[in-house]
Number of protein chains: 2
Amino acid sequence: MVVTLADVAARAGVSASTVSYVISRKRPISPETRERVLRAVAELGYHPNAGARALASQRSNTIALMVPLRSDMYVPVLMEIAMSVATAARAAGQDVLLLTGDEGIQGLRRVVASGLADAVILMDVELDDERIPVLRELAIPAVLIGLPAETEGLTCVDLDFTAAGSVCADHLADLGHRYVALLGADRTVYRRRTGFAARTLDGFTRRALERGVRTVHRSCDGGFSATAATVDEVLEAWPSLSAFVVQNEAVVGPLLHLLAQHRRAVPEDVSVVAICPDQIAVQPQPRITSVPIPAEEMGRRAVRLAMAQLAGKPTSGSTLIRPKLVVRGSSAARARS
Amino acid sequence: MVVTLADVAARAGVSASTVSYVISRKRPISPETRERVLRAVAELGYHPNAGARALASQRSNTIALMVPLRSDMYVPVLMEIAMSVATAARAAGQDVLLLTGDEGIQGLRRVVASGLADAVILMDVELDDERIPVLRELAIPAVLIGLPAETEGLTCVDLDFTAAGSVCADHLADLGHRYVALLGADRTVYRRRTGFAARTLDGFTRRALERGVRTVHRSCDGGFSATAATVDEVLEAWPSLSAFVVQNEAVVGPLLHLLAQHRRAVPEDVSVVAICPDQIAVQPQPRITSVPIPAEEMGRRAVRLAMAQLAGKPTSGSTLIRPKLVVRGSSAARARS
DNA sequence: TTGAAAGCGCTAACAT
DNA sequence: ATGTTAGCGCTTTCAA
């Protein structure tokens with residue numbers, strides 16, 4: 001019914017192991033033999049049986065990807081990371097097993113113990129993620145997307161949010177802004193103990209201080225009315241405010257409308273810089289100067305690191321992707337007051 | 001190193017086959033034996049090896065899910081469907097293999113021939129999808145999310161967009177509206193030969209006709225300016241227009257702003273009904289009367305149908321999910337003119 | 001109600 | 001450069 005190694009071997013007039021070695025390239029094969037085998041493979045439409053291969057080789061050639069079910073992350077970014085992982089994995093000859101976040105610790109144990117996956121990539125990692133001790137215990141190749149509090153012995157990938165904050169501060173300082181507000185993620189994000197919001201704040205505040213820029217920080221829920229409350233309050237309290245840094249996708253749109261209502265032109269009166277997916281940044285008019293979330297790169301790197309671990313190379317430590325500021329129409333030199 | 005069936009058997013003082021049967025429940029086992037085996041399983045933390053199991057049983061207990069890489073679909077809905085599939089699959093004891101849309105036909109062949117998956121669920125099915133002939137040829141359990149042109153012998157799941165169109169027409173007719181515009185998906189959607197836009201139009205137009213409601217239809221790109229062009233044109237040409245039906249997520253927000261600009265109050269002057277994810281519908285003020293996209297249900301049903309096929313039950317035919325209109329604040333009786 | 005044993009299709013020593 | 005063969009860990013007849 002289904003084509004097996006033996007079928008290919010018979011057809012090519014060689015032994016099964018020769019076929020296996022032609023395919024795995026794990027030992028030299030004469031050009032003629034190789035040729036004949038490959039032809040047989042093609043003619044018969046042979047695909048190695050994954051189960052048999054996994055059983056014999058103790059390798060599933062599969063990476064498990066754990067995606068959060070509910071998340072404060074912007075969904076399109078999660079999706080882009082997941083798809084990027086899938087694409088990069090396939091390019092590396094691996095398949096991807098999709099695990100939902102709520103499979104949690106048990107899911108990890110199961111997938112590893114059953115030999116379903118050789119490595120694990122975890123998304124939406126919290127500062128004090130409960131899956132981390134299990135990862136250490138299982139001692140399986142693993143990559144975290146996001147940065148937990150304690151990274152000792154772990155391999156992590158994330159945007160360098162600290163640097164992202166600094167870059168935003170620098171950009172606005174360069175443009176002459178002296179009073180800048182940072183509108184951060186909403187409270188649930190801070191509460192859920194995801195670290196990126198705090199890291200951005202840190203990098204931003206430090207650099208602003210160095211550059212002599214005064215700052216306010218507000219955690220800001222998404223949506224029009226929540227944003228309105230925060231923005232009104234800040235504008236009221238800080239009349240000389242001339243720039244906003246935003247790191248909440250759901251705040252960018254509302255903020256622009258509010259500024260329009262307040263008769264503050266962007267970028268003439270107020271500059272806006274966001275740390276957000278490009279999709280969000282290029283939507284409004286004017287388009288927003290931003291530090292994009294490198295979703296595709298994060299997925300790609302995670303796979304690369306997982307593969308390195310599978311190959312026995314040590315990779316532990318954090319890969320913090322350097323932020324790139326893309327200057328668009330929403331930031332400009334501070335108007336002389 | 002890893003716990004095997006044999007380890008469990010030894011520990012429980014029974015044969016390997018007995019352990020296997022305890023786990024698979026494929027033959028009666030005495031309560032005492034079962035008890036001892038299960039204890040051994042728990043004590044040793046045994047997880048059956050997936051490869052060995054697949055090899056011996058010819059069943060991978062895995063469903064392949066093909067997710068489009070780029071899509072005109074609204075990403076959060078895709079994600080919700082995918083996660084719903086993953087959750088439902090696990091509840092049915094299956095794992096999910098994530099395939100990207102661009103693996104295409106080859107990906108399907110590979111996954112099936114290698115025994116990686118027992119069944120396939122395809123998202124983002126086009127009217128004349130190239131994967132369909134392959135599905136027929138492979139004769140593997142498969143479920144399509146979306147409705148192709150020719151469904152003979154296929155198992156499909158989708159929202160009944162025809163009925164969704166009708167429901168919207170009815171709702172507005174009931175409210176006394178006589179002139180209604182349908183703002184449809186953007187041109188790329190029609191071009192990509194996805195059927196849902198046409199089906200909505202059909203159901204809407206027919207029912208409107210029956211109810212004596214006059215209609216205009218415009219395909220409408222997302223975003224503010226594209227929407228503005230369309231809406232301005234329609235309002236200009238049809239002064240007595242009193243309601244909009246929208247089935248493009250990216251048009252809902254802009255439409256509301258435009259109506260405000262035109263000094264048309266919603267719902268006092270103009271009613272708005274959308275066919276869109278709830279997430280979109282509940283965002284604006286007023287919240288939008290809508291027919292939600294039942295993403296979670298679609299994923300769940302797809303898995304259920306796939307499982308039925310795996311169990312040998314015939315499932316071919318289309319599961320068209322009945323639309324439910326949720327009345328919110330954006331629709332009201334037509335104002336007397 | 002339980003056990004013994006023959007594979008499932010492949011990989012990787014070990015031979016030659 | 002290629003062939004032989006012993007498993008990998010499980011399922012499932014066939015026996016008892």
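Chain naming here is simple, since letters A, B, ... match the order of the sequence lines and numbering starts at 1 in each.
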Separation of [X] atom [atom1] from [N] atom [atom2], in whole Å?
X      : N       : atom1 : atom2 : answer
N49(B) : dG7(D)  : CG    : C1'   : 13 Å
Q58(A) : dA13(C) : CD    : C1'   : 14 Å
R27(A) : dT2(D)  : CZ    : P     : 9 Å
I23(B) : dT11(D) : CD1   : C1'   : 11 Å
D7(B)  : dC8(D)  : CG    : C1'   : 13 Å
R34(A) : dA1(D)  : CZ    : P     : 11 Å
I29(A) : dG3(D)  : CD1   : C1'   : 11 Å
K26(A) : dA13(C) : NZ    : P     : 9 Å

Are any side-chain N or O atoms of D118(A) and backbone N or O atoms of S60(A), one a donor and one an acceptor, separated by less than 3.5 Å?
yes
Check every atom of dT12(D), dC10(C), dT1(C) against the side chain of P28(B) and return the nucleotide holding the closest atom.
dT1(C)
T4(A) has its side chain closest, among dT1(C), dG9(C), dT2(C), to dG9(C)
Could you tell me whether [X] contacts a base, only the sugar-phosphate backbone, or nothing, with contacts defined as non-hydrogen atoms closer than 4.0 Å?
X      : result
S24(A) : nothing
S57(B) : sugar-phosphate
L5(B)  : base
S17(A) : base

Comparing nearest nucleotides in DNA chain C, the 5'-proximal residue of the pair R53(A), L55(B) is L55(B)
Most 5' of A52(B) and T18(B) on DNA chain C, judged by nearest nucleotide:
T18(B)
If you compare every side-chain N and O of Y21(A) against the phosphate oxygens of dT4(D) (OP1, OP2), does one of them come in below 4.0 Å?
no
Within less than 4.0 Å of OP1 or OP2 of dG3(C), is there a side-chain N or O belonging to S15(B)?
yes
What is the minimum heavy-atom distance between [X] and [Y], and which atoms define it?
X       : Y       : answer
P141(B) : Q309(B) : CA-OE1, 3.2 Å
V143(A) : A302(A) : CG2-O, 3.5 Å
D129(A) : P133(A) : O-CD, 3.5 Å
V85(B)  : G299(B) : CG2-CA, 3.6 Å

